[in-house]
Every structure is written in C-alpha cells, then in structure tokens.
2 protein chains.
Amino acid sequence: MPLNGLLGEDAGAAPQQVRAEPIQQRSAARLSGLLDAAAAVVDEVGFDRITTAMIAERAGASIGTVYRYYPDRVAVLHALHERAVVRFRQRVVDELGASTLTTWWDAVDCVVTAFVGLYRSEPGFRIVNFDDRDGAPAADAAADVDFFARRLADVLVNEFNLPAGPELIFRLEVAVEMADALLARAFHSEPLGEERFIAECRLVLREYLDRYYSPRALSLLAAAS
Amino acid sequence: MPLNGLLGEDAGAAPQQVRAEPIQQRSAARLSGLLDAAAAVVDEVGFDRITTAMIAERAGASIGTVYRYYPDRVAVLHALHERAVVRFRQRVVDELGASTLTTWWDAVDCVVTAFVGLYRSEPGFRIVNFDDRDGAPAADAAADVDFFARRLADVLVNEFNLPAGPELIFRLEVAVEMADALLARAFHSEPLGEERFIAECRLVLREYLDRYYSPRALSLLAAAS
DNA sequence: TGGTCACCGAGTGGAATTCAATCATCGTGG
DNA sequence: CCACGATGATTGAATTCCACTCGGTGACCA
C-alpha cells in the first residue's frame with residue numbers, strides 16, 4: 001500500500017507553473033514536446049546556456065508558443081525539473097516492486113539504482129540539480145528532499161518496521177543530501193557515471209544508516225526501551 | 001611545513017581572469033571594492049539574479065569600470081568564488097595553527113569549523129557553491145574539491161601519519177562532497193546554519209573516515225602488511 | 001606639458017518577453 | 001452534412017532588458 005505513496009499526493013495533477021491548461025488534444029503533445037526539447041537542449045548546452053529560442057526551434061514551435069505555456073524561461077526549467085522528479089519517484093516505485101526486498105537496505109539500494117538509471121537514460125536528467133536561488137519558497141530543492149525523505153520514511157516504517165519519528169526523517173534527509181552530492185559528482189564529467197563514486201555512495205548510505213537501523217542497533221534499541 | 005601548503009601554489013598571484021593589473025594605488029581598492037559589492041549583491045539576490053549594473057552601482061562605479069577589470073559577468077563571479085576559496089584555505093590554516101591537534105580528526109574538525117565560520121561571517125560566501133556549467137575545464141567545482149582533497153591529504157599524511165595514496169585522496173574527495181552538501185543544506189534557509197545539519201556533518205565525516213583511519217583500523221592495516 | 005592610467009555612460013547587439021493578428025478546432029443550428 | 005461563429009492555439013515582429021563596447025574626459029605621473 002504505501003509503496004507507491006512515494007508518488008506524492010499531487011502526482012498527476014498539472015504543475016502549477018503552467019500558464020494555460022491544455023484543452024485541446026494537440027496541446028498536450030505540444031507541452032510535453034516543449035519539455036522534451038528543453039531536455040535535449042539541457043544535455044547539449046547545460047541548463048544555464050539554454051535559450052527560449054533553442055527550445056522553441058527544437059520543438060518545432062515558435063517563441064510565442066513557449067510563452068503560452070510557461071510564464072518565463074525558468075518556469076520551463078522548473079517544469080522540466082518537476083517532471084524529472086516525478087519520473088524518479090515513479091522509477092523508484094517500479095524498482096521497489098520489481099525487486100525482492102528483504103531488508104530496508106534493499107529499498108535504499110533501489111533508490112540509488114533508480115537515480116543512477118535515470119541519470120543514464122533520461123535526457124536532461126541533470127536538471128534535478130537545478131535550484132533557483134530566488135525568493136520563491138515553493139519549488140525549493142530542500143523541500144523536494146524533505147518531501148521525498150518523508151515518503152521514504154513511511155515506506156521503511158511500514159515495510160521494515162523501522163522506528164517512525166522525526167529522527168528517521170532527519171537521517172533520511174541527510175542521506176538524500178549526501179547521495180545527491182555523490183551521484184552528482186559521479187556524473188559530473190562521465191556521462192555514464194564514475195563507478196567509484198556510485199559504489200561509495202551505496203557504501204556511505206549503508207554505513208550511515210546501519211549505525212541506527214542495523215538489526216543489531218535495532219535490537220539494542222528495543223532492549224533499552 | 002605542509003600546514004600552509006593548503007594555500008596552494010598560486011596563492012597571492014592575481015587571478016588570471018582579471019583583465020588589467022592595477023598599476024596605480026586606487027585601482028587595488030576598486031578591484032576589491034567591486035568584489036565586496038558583488039558579495040553583497042550575492043547575499044541579496046543570489047548569484048544568478050546578479051546584474052553588472054547592480055555590482056557597479058553598489059560599488060559606486062560605472063558599468064565600464066566593471067569591464068575594465070573583468071572580461072564578463074561570470075568572470076566576476078569566478079573571481080569572487082576564487083577569493084572565497086582562498087579565504088577559506090587561509091582560515092583553515094589559521095584554525096589549524098590555533099588549535100592543539102592530537103589526531104587527524106582534530107584537523108578535519110577544524111576544516112568544518114572554518115567553513116561554517118565563513119558561511120556565517122563572510123558576505124556572499126555561498127558563492128563557493130557556484131559552478132559554471134560550460135566548456136571551460138578550468139574553474140571547475142570538481143577540480144577545486146580535488147585540489148583541496150590533495151592538499152588536505154598531504155597534511156594528514158605528514159602530521160598524523162595517515163597512509164598516503166590515491167585511496168586517501170579519493171576518500172577525502174568523497175568526504176568533501178558530503179560535507180559541502182550537508183553544510184550547504186544547513187545554510188540553505190537559516191543564515192546562521194541549522195545546527196543539526198552541522199553536527200551531523202561532523203559526525204558523518206568522522207564515522208566515514210574512522211572506518212579506514214581510526215587507530216584500530218590503522219593498527220589492523222599495519223598488522224596485515 | 002605630454003603620456004599613460006582610470007573612469008564614465010550612451011550606444012550596440014542579442015536574448016527574453018509581449019501582443020495583436022492569424023489559423024485550427026469545436027459545438028451548434030439550419 | 002454543412003456553414004459559421006466562438007474559442008483555443010500559434011505565430012513572429014516589436015519591445016524591453018541586460019551584457020558588453022568604445023570613444024571621450026578627467027586624474028596621476030615624470
């Protein structure tokens with residue numbers, strides 16, 4: 001049941017930064033086409049060199065069409081980021097469903113595998129590292145991490161009986177920040193990712209969480225209470 | 001001797017991205033004044049909303065003056081980044097000198113303290129997270145991390161007899177990436193930094209490195225060879 | 001006083017964004 | 001089944017904003 005709780009309460013709802021809901025059929029294709037184009041451009045020039053003209057041309061649309069759907073350039077990046085996050089959560093759910101999970105560690109491992117897989121296969125996935133440092137409190141990288149940590153905590157509590165509570169959420173936040181950093185580094189220059197950083201990421205996560213949630217630590221905790 | 005090796009071989013040399021060496025006296029003040037202004041603006045609007053006009057106005061100069069010293073907008077950011085890195089290294093050296101170091105852990109702790117201290121006191125210090133995602137292979141965040149990891153490795157090898165080698169450097173790179181991420185998160189919204197993330201950062205670093213370099217691990221390593 | 005050094009800020013060009021005109025699609029009445 | 005108006009969708013020239021240039025002017029020095 002909570003396995004796909006990761007998808008979030010608003011999964012499927014249109015992102016709020018789009019200007020106009022598509023009414024007609026073709027618009028939906030336009031919208032995702034624009035994002036596909038943006039993703040391709042992101043892979044080519046990086047997400048700060050991107051121009052609205054590049055996106056429009058790549059999508060076979062005109063400048064005006066971009067602005068019909070998005071209020072400005074960074075809104076497109078936000079939307080692309082959001083789509084990447086949604087696809088990541090979906091992939092985690094798929095991965096979790098496809099694996100036989102015996103301990104919480106298997107679940108954490110799946111998360112890493114999903115992330116790495118998307119880095120390799122999803123065009124423009126590096127957009128997940130996009131953080132708009134302006135006043136907007138929404139669409140904040142920390143909020144994404146926080147949300148994901150809470151959902152993952154639910155899964156680990158319900159499936160593997162980890163003790164629920166703010167400590168678990170906090171530790172998962174820490175774990176996610178570390179994994180983000182190490183995997184970003186792994187893919188910094190190598191398109192397929194430097195394996196040493198990926199492996200070290202898994203190791204670090206396991207060691208960090210094992211400190212509190214290994215069978216031994218848990219039984220000690222149980223004995224103490 | 002290697003304690004201030006952290007400063008780097010080119011410490012003191014003018015950054016190469018400055019257009020004209022200041023000849024007259026007042027120019028030096030202008031140059032650092034421009035960077036101070038840029039730092040202030042970075043704190044106000046973040047380093048992607050910054051405009052050359054803002055920098056010039058804040059520094060009491062004109063647009064042209066900015067371009068007299070820096071070839072373009074990102075060069076200013078690079079220079080500010082560079083200054084922050086240099087000050088960080090200087091602070092680490094100061095901190096190392098002022099503390100009584102009994103184990104390598106004390107040195108690592110000093111590094112964290114220096115970083116946190118600068119985040120709190122140095123205007124615009126968040127520029128350390130600035131990464132120019134374009135073709136320029138120099139001025140690369142990963143290169144900074146790599147360079148710093150090597151220097152820190154030298155210190156730990158010479159002062160605390162840690163075993164030299166690529167493993168040490170790699171592990172320090174990993175440690176630096178993790179610390180960067182956790183401290184950036186600590187200061188993401190709180191100007192003074194969320195203490196829980198700072199404390200957890202120290203803990204994580206210690207646990208991670210202890211796995212290989214605790215006295216026990218080292219003696220096991222020595223016995224095996 | 002002539003020769004640099006510094007500085008200024010209007011001007012240029014390119015990219016972001018707007019908007020009035022045009023095209024496409026849909027629902028509806030004939 | 002076919003006009004045909006209403007509304008959605010698209011266009012791209014015009015506008016605005018901002019990085020960056022450059023010729024002119026004052027400041028320092030010898």
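This structure is a prediction, so every number in the text was calculated from the model and none was measured. Within every chain, numbering begins at 1; the chains are lettered A, B, ... in the order of the sequence lines, protein sequences first and strands thereafter.
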Counting just side-chain N and O atoms, does [X] come under 4.0 Å of either OP1 or OP2 of [N]?
{"X": "Tyr69(A)", "N": "dT10(D)", "result": "yes"}
{"X": "Arg30(A)", "N": "dA9(D)", "result": "no"}
{"X": "Ser62(B)", "N": "dG9(C)", "result": "no"}
{"X": "Tyr67(A)", "N": "dT18(C)", "result": "no"}

Could you tell me the separation between the [atom1] atom of [X] and the [atom2] atom of [N], rounded to a whole number of Å?
{"X": "Arg73(B)", "N": "dC18(D)", "atom1": "CZ", "atom2": "P", "answer": "11 Å"}
{"X": "Arg68(A)", "N": "dA20(C)", "atom1": "CZ", "atom2": "P", "answer": "16 Å"}
{"X": "Asp72(A)", "N": "dA15(C)", "atom1": "CG", "atom2": "P", "answer": "18 Å"}
{"X": "Ile63(B)", "N": "dC20(D)", "atom1": "CD1", "atom2": "C1'", "answer": "9 Å"}
{"X": "Asp48(A)", "N": "dA16(C)", "atom1": "CG", "atom2": "P", "answer": "12 Å"}
{"X": "Arg49(B)", "N": "dA16(C)", "atom1": "CZ", "atom2": "C1'", "answer": "13 Å"}

*Picking from dT11(D), dC7(C), dA16(C), which would you name as closest to the side chain of Thr52(A)?*
dA16(C)
Which atom pairs, donor and acceptor, lie under 3.5 Å between side-chain atoms of residues 172-181 of chain A and protein residues at least two apart or in another chain?
residue, atom, partner, partner atom, Å
Glu173(A), OE1, Arg185(B), NH1, 3.4
Glu173(A), OE1, Arg185(B), NH2, 2.5
Glu177(A), OE2, Arg185(B), NH1, 2.8

*On DNA chain C, check which nucleotide each of Gly64(A) and Thr51(A) is closest to and give me the residue with the more 5' one.*
Thr51(A)
*Base, sugar-phosphate, or nothing for Ile50(B), non-hydrogen atoms under 4.0 angstrom?*
sugar-phosphate
_Side chains of Arg83(A) and Phe125(A), heavy atoms from C-beta outward: is any pair under 4.5 Å?_
no
_Are the side chains of Phe187(A) and Val116(A) in contact, using a 4.5 Å heavy-atom criterion?_
yes
*Any idea how Phe88(A) and Phe148(A) line up, ring-wise: parallel (<30°), tilted (30 to 60°), or perpendicular (>60°)?*
tilted
